[in-house]
Every structure is written in C-alpha cells, then in structure tokens.
*Asks:* 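Pasting a structure here, questions to come.
The residues of the chain are indexed from 1 along the displayed sequence. When reading the values below, keep in mind they use all heavy atoms of this one structure, side chains included, and skip hydrogens, waters and symmetry mates. Remember, predicted model here, so these are calculated numbers, not experimental data.
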Amino acid sequence: MTRRAQVRAFLERQVVQRAIILVIIVNAVTIGCETSTYLMRHIGGVLVTIDHIALAIFTVEIAARLYANGRSFFKDPWNWFDAVIVVVSLIPASGPTSILRALRILRALRLISAVPSMRRVVHALLAAVPGMASIMGLLVLLIYIAAVVSTKLFGEIMPERFDELPRSLFTLFQIMTGDDWGNVAQEVMDHKPWAWVFFIAYILMSTFVALNLFIAVVVNAMNDAEASPAEAETQKELKAVREELAALTAKLDVLVTRELTTTGASARTSEGSG
C-alpha cells in the first residue's frame, strides 16, 4: 500500500472522523463562549488556546486530505467547502480583515460535510431548488399584485403602511409572516369594513398555499434523496444477486473453456490415430 493510500485509509477511519466532528463541536462552543465578557475575563486564554489548536487540527486535516487524494481532492464540492472555511480562518483577523474574526463560527458548518445525514439533507435542498424557484416566482408575483392593489385602496387612509409600493411590499411581507397582521387589518377596517376580504384572501394565498408548497417540494426532494428501508434492502438483495450471477458466469466460462480444450485434444488425438 502506498503512502497516499495509507493516509487516505487513516482519514477514512470512523474513529478519526468522529474525532474531527468532536473538534468541530468543541470549537463552535468555545467561539460562542468568547462572546461572553465574563468568560473571557476568567478563562479567555484557555478559550483562545483551544481555538488555535482546533484551527491547527483543521489545517493539518485539510493538508492530509489534499495529499491523500491529489488532484481528485478538487473534484468533490465538499472538499472545496471545507478548504474555503479553513483558508478564511487562517487570514489574520486584524485591521481591515477584523470582520473575519466573527466568521470563525463558519467552521461549525463543517459538520455538514462531516455528517453524512446532513450532507443528504443539503443535497435534497439543492435538488429542490428548481421547484422552489417556480414557487418563489409565483409568490413574488402574488405579493407584487397585492402590493399594487393595497397601495391604491389603502394608501390614503393608512399612509404609514401603504403610501408607496416599497412600503406596501414590506407591510405585505410582514403580514405573510403572521407578524401583527391583525392590528394592521383592524386599522384599515376601521375606515373600510370590507377590507377583511382582501387580507384573508391574501393570507390564504400567500401563507397557506405558497409557503406550504415550499414545504411539499422540500419533503418530496428529501424522500427522493433518501431510500426507504425496504428500498435499501431490495438494493442489497439485487447487489447479492448480481454478485452470484457474476460468480456463476465466471464458473461457466471456465467449464466452457475446459470443454473446448478437451474437445480439441480429443479431435487431435483422433486425427493422429487415423
């Protein structure tokens, strides 16, 4: 086994992968603790030391993976994801780049690449993007139409909410989230009692239809990405059948070759006797 293969086998060990996950979690906790003035005053040095050790471990791990996989390292998007996070963490967080110190918490995102179940969820979300884009377009169109209508109808009686299109868009987005929509509707209804028709129709269309369509698309994508236990068992059985067929085919080829060899030898013996 080559040195690269040995390093690759070492990194793929379950113990090593679990250790990296533990380091990610501990580092995320310590970065969160650094936001506490009390903790920084008493154990700030320990927290900074742990952060530096974690960064060193991440750097060594990325370098080892790059060495073990060579150019194929860059073929996996997750390797790019991990490498970018570590490189950003290595940039000195001082002067113009001081904002990067706050981005150290992005290291916690490495849990996504380290935990297979999280990777499947992300793959499912990415697979659902085309469907979500269509629903997003429908939702934007709905909000835009409702904003134009509400600006025309309620702009004069409630200018702080509906005087212009941008303000109406923000108000309708707030209503879509369910934030204080009852008070907004009541203020409008004090002047136009029939306004409840507009608000109820808008909430039904935006919240109970469009947003639930988002959930349906994501759930469907996750179901497609993750095989059920029955499907996994079926795939395992098919794999076993294929392996048995391959073994039988190999044995049959050997028998046919022996038969042909024996037949040829017998024919040559007969010709020699004749």
Side-chain angles (χ1 to χ4, degrees), residues 1-34 43 45-93 100-101 103-128 221-247 250:
M1 183 181 293
T2 63
R3 182 65 62 85
R4 287 177 181 268
Q6 290 177 351
V7 175
R8 191 183 308 112
F10 174 78
L11 293 174
E12 291 177 352
R13 290 182 180 177
Q14 192 172 17
V15 175
V16 176
Q17 294 179 354
R18 289 181 177 178
I20 294 298
I21 292 175
L22 179 61
V23 173
I24 295 172
I25 295 174
V26 171
N27 187 224
V29 173
T30 56
I31 293 175
C33 291
E34 289 180 14
I43 57 172
V46 176
L47 295 176
V48 172
T49 302
I50 294 175
D51 181 69
H52 290 167
I53 293 174
L55 180 58
I57 293 174
F58 295 149
T59 305
V60 171
E61 183 219 359
I62 290 295
R65 285 163 56 184
L66 180 59
Y67 170 76
N69 296 286
R71 293 183 179 179
S72 61
F73 175 88
F74 299 100
K75 295 180 180 179
D76 187 353
W78 289 112
N79 289 337
W80 280 96
F81 180 79
D82 294 340
V84 168
I85 290 178
V86 173
V87 169
V88 169
S89 300
L90 289 173
I91 299 175
L100 296 178
R101 184 170 180 81
L103 299 181
R104 292 178 304 152
I105 192 60
L106 292 178
R107 298 178 203 166
L109 292 176
R110 289 204 56 202
L111 278 175
I112 298 175
S113 62
V115 181
S117 59
M118 289 188 180
R119 287 203 303 267
R120 287 195 294 270
V121 171
V122 172
H123 282 305
L125 290 175
L126 293 177
M222 293 185 65
N223 289 335
D224 292 340
E226 185 174 356
S228 63
E231 292 175 343
E233 185 65 25
T234 302
Q235 293 176 0
K236 187 184 298 184
E237 292 177 357
L238 288 174
K239 183 179 179 180
V241 170
R242 284 195 296 267
E243 292 176 353
E244 292 179 2
L245 287 175

*Asks:* How far does CD of E34 sit from CD1 of I43, to the nearest 0.5 angstrom?
*Replies:* 10.0 Å
*Asks:* With rounding to the nearest 0.5 Å, note down the distance linking CG in N27 to CD1 in I50.
*Replies:* 9.0 Å
*Asks:* Please report the interatomic distance CG(L55) to CG(L90), rounded to the nearest 0.5 Å.
*Replies:* 5.0 Å
*Asks:* Can you name the nearest heavy-atom pair linking E12 to Q17, along with the distance?
*Replies:* O-NE2, 3.5 Å
*Asks:* Please round to the nearest 0.5 Å and tell me the distance separating atom CD1 of I112 and atom CZ of F81.
*Replies:* 5.0 Å
*Asks:* Which heavy atom of A83 sits nearest a heavy atom of I62, and at what distance?
*Replies:* N-CD1, 4.2 Å
*Asks:* Looking at every non-hydrogen atom in both residues, tell me the closest pair between R8 and A68 and how far apart they are.
*Replies:* NH2-O, 2.7 Å
*Asks:* Just to verify, what does L66 make a side-chain contact (heavy atoms from CB on, under 4.5 Å) with, not counting sequence neighbours?
*Replies:* F73, F74
*Asks:* What's the shortest heavy-atom distance between V122 and W78, and which atoms?
*Replies:* CG1-CH2, 3.8 Å
*Asks:* Please tell me if the side chains of I85 and F58 come closer than 4.5 Å, counting only heavy atoms from C-beta onward.
*Replies:* no
*Asks:* Return the CZ to CZ distance between R18 and R13, rounded to the nearest 0.5 Å.
*Replies:* 14.0 Å
*Asks:* Find out whether D51 and L47 are in side-chain contact, i.e. whether some heavy atom of one side chain is under 4.5 Å from a heavy atom of the other.
*Replies:* no
*Asks:* Can you give me the closest heavy-atom contact between A64 and V7, atom names plus distance?
*Replies:* O-CG1, 3.8 Å
*Asks:* Return the CG to CZ distance between N79 and R65, rounded to the nearest 0.5 Å.
*Replies:* 4.5 Å
*Asks:* Please lay out, stage by stage, how I57 and I20 fare under the test side-chain contact (heavy atoms from CB on, under 4.5 Å).
*Replies:* CA-CA 8 Å; I57 293 174; I20 294 298; 4.1 Å; yes
*Asks:* Does OH belonging to Y67 count more than 12 external heavy atoms closer than 6.0 Å?
*Replies:* yes
